[in-house]
Amino acid sequence: MTAAKQKKHTLRFEKNAVSALCALVFLIFAGAAVAGWLAAPFPIGAVLTGVAAFVLLFTAILSVSWIRYAGRFYAAAADVNFPCAALGDNLSVVFYALPPEKAEAYLRETRAVPALPERYTREEWLKRSDTLNEIKKRMLEGAPLVSYAALCPKDLAAISGKSVFLSRAAYHTYRAVFDYTAMGTKNKLVFYGEENSI
């Protein structure tokens, strides 16, 4: 993954932007409903009021979902109940409510499962999926985990007090993030499958 493909906006920015957009959309429809009542109270005003109510419900669900999504990340990033995290090559993050040793053993086993070929059958996909699910069930023992897709490098600064497992490729690609931000100073960075931290 090149630096040009890095996500630019933080979860906090995206949460605020989505909430502001939802509020704007609702205000537009609410304004249209008011105009409908003033110009032709029935049935146009009533229909537009119903539409505005639906838009309010939809935008409220969307906004609250984003607020909760971002909130879970920042909570898990500082939560001592999630003592370790795995960082993907695209800056995806998975927080584990496991001791670092168990999380590392789980990550080692999942990485040992062969990747799918470029062209694969449904049976091959199912077999690999079943293998990963079996490893997850056996090694995580129901321990909660919180996962996030690719993040903005600035989001990583919120992660604190954890053992963070990552590949050498991810470390070298985002070396500035680890060497010059709180991400590298507030956490123990550990290469996959290696005992010594960076």
Side-chain angles (χ1 to χ4, degrees), residues 1-11 14-15 18 58 61-62 64-153 155-156 158-159 161-174 177-178 183 187-198:
M1 184 176 183
T2 63
K5 295 181 181 177
Q6 286 183 13
K7 189 175 177 183
K8 294 181 180 180
H9 300 302
T10 64
L11 284 173
E14 291 176 346
K15 173 199 71 174
V18 168
F58 177 79
I61 291 172
L62 181 60
V64 169
S65 296
W66 266 97
I67 291 170
R68 292 180 64 186
Y69 180 76
R72 279 197 305 269
F73 169 78
Y74 292 113
D79 192 345
V80 295
N81 294 316
F82 291 94
C84 52
L87 187 69
D89 292 344
N90 63 342
L91 294 189
S92 60
V93 174
V94 181
F95 298 102
Y96 295 94
L98 289 171
E101 303 77 30
K102 285 191 174 182
E104 185 175 18
Y106 167 71
L107 292 169
R108 190 183 310 116
E109 281 209 33
T110 55
R111 289 173 68 84
V113 177
L116 289 170
E118 187 173 338
R119 295 188 175 194
Y120 56 87
T121 64
R122 183 174 182 274
E123 288 72 23
E124 289 174 320
W125 178 84
L126 285 173
K127 183 178 179 181
R128 185 173 189 275
S129 179
D130 289 343
T131 301
L132 291 173
N133 286 335
E134 188 276 328
I135 293 172
K136 181 177 180 179
K137 183 178 179 180
R138 175 170 47 86
M139 301 201 70
L140 296 187
E141 300 175 346
L145 56 87
V146 180
S147 60
Y148 284 82
L151 295 170
C152 170
D155 282 322
L156 300 183
I159 301 175
K162 302 187 188 305
S163 293
V164 179
F165 300 99
L166 68 161
S167 68
R168 286 187 178 273
Y171 175 73
H172 289 298
T173 301
Y174 303 101
V177 175
F178 304 117
M183 172 65 182
N187 301 282
K188 179 182 179 183
L189 305 180
V190 183
F191 290 129
Y192 283 127
E194 298 184 12
E195 294 183 1
N196 298 324
S197 61
I198 297 170

Chemist: Is there side-chain contact between Arg68 and Val64, with at least one heavy-atom pair below 4.5 Å?
Modeler: yes
Chemist: Is the ring pair Phe73/Phe95 parallel, tilted or perpendicular, if the boundaries are 30 and 60 degrees?
Modeler: tilted
Chemist: Taking the side chain as C-beta and beyond, is there a heavy-atom pair between Leu145 and Phe82 under 4.5 Å?
Modeler: no
Chemist: Measure the acute angle between the ring planes of Phe178 and Tyr171, then classify it against the limits of 30° and 60° as parallel, tilted or perpendicular.
Modeler: parallel
Chemist: Could you state the interatomic distance from CG (Asp155) to NE2 (His9), rounded to the nearest 0.5 Å?
Modeler: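 Here the rounded value is 12.0 Å.
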Chemist: With a 3.5 Å distance limit and no angle check, can you tell me whether Tyr69 reaches the backbone of Lys15 through a side-chain donor-acceptor pair?
Modeler: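 Side chain of Tyr69 to backbone of Lys15, a donor-acceptor pair under 3.5 Å: no, none is there.
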Chemist: Do you know the tightest heavy-atom contact between Lys162 and Cys84?
Modeler: CB-CA, 4.2 Å
Chemist: What is the distance from atom CG of Leu116 to atom OG1 of Thr121, rounded to the nearest 0.5 Å?
Modeler: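 Answer for the CG-OG1 pair, Leu116 versus Thr121, is 8.5 Å.
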Chemist: Could you measure the distance from the CD1 atom of Ile135 to the CG atom of Asp130? Nearest 0.5 Å is fine.
Modeler: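 If I round to the nearest 0.5 Å, the distance is 11.0 Å.
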Chemist: What's the shortest heavy-atom distance between Arg138 and Glu141, and which atoms?
Modeler: O-CG, 3.5 Å
Chemist: Do side-chain atoms of Asn187 reach the backbone of Gly161 as a donor and acceptor pair under 3.5 angstrom?
Modeler: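 A pair under 3.5 Å: yes.
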Chemist: Looking at every non-hydrogen atom in both residues, tell me the closest pair between Ala77 and Ala158 and how far apart they are.
Modeler: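 Scanning both residues, the minimum pair turns out to be CB-O, 3.4 Å.
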Chemist: Could you check whether Asp89 and Ser167, counting side-chain N and O atoms only, form a donor-acceptor pair closer than 3.5 Å?
Modeler: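 Ser167 vs Asp89: donor-acceptor pair found between side chains.
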Chemist: Closest heavy-atom contact between Leu156 and Met183?
Modeler: O-SD, 3.4 Å
Chemist: Side chain of Lys102, backbone of Met139: donor and acceptor closer than 3.5 Å?
Modeler: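 Looks like no, no N/O pair under 3.5 Å.
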Chemist: When rounded to the nearest 0.5 angstrom, what distance separates CD in Glu104 from CG in Leu98?
Modeler: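 If I round to the nearest 0.5 Å, the distance is 12.5 Å.
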Chemist: So do the side chains of Thr131 and Glu134 get within less than 4.5 Å of each other, counting heavy atoms only?
Modeler: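 Sidechains of Glu134 and Thr131: no contact.
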Chemist: Could you tell me which non-hydrogen atom of Phe165 sits nearest to which non-hydrogen atom of Ala103, and how far apart they are?
Modeler: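 Here Phe165 and Ala103 meet closest at CE1-CB, 4.2 Å.
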Chemist: Checking the side chain of Lys136 only, and the main-chain atoms of Thr110 only, is there a donor and an acceptor separated by less than 3.5 Å?
Modeler: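 Checked: no pair found.
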Chemist: Ala97 and Ala143: which non-hydrogen atoms are nearest, and at how many Å?
Modeler: O-CB, 3.7 Å
Chemist: What distance do Asn90 atom CG and Lys7 atom NZ have between them, rounded to the nearest 0.5 Å?
Modeler: 10.5 Å
Chemist: Short question: side chain of Arg168, backbone of Phe191 - any donor-acceptor pair under 3.5 Å?
Modeler: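 It does not hold such a pair.
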Chemist: Can you confirm whether Leu87 sits close enough to Leu189 that some side-chain heavy atom of one is under 4.5 Å from a side-chain heavy atom of the other?
Modeler: no
Chemist: Can you measure from CD (Glu14) to NZ (Lys8) and round to the nearest 0.5 angstrom?
Modeler: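 Rounded to the nearest 0.5 Å, the CD-NZ separation comes out at 13.0 Å.
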Chemist: Under 6.0 Å from the CZ atom of Arg122, do we count more than 12 heavy atoms belonging to anything else shown?
Modeler: no
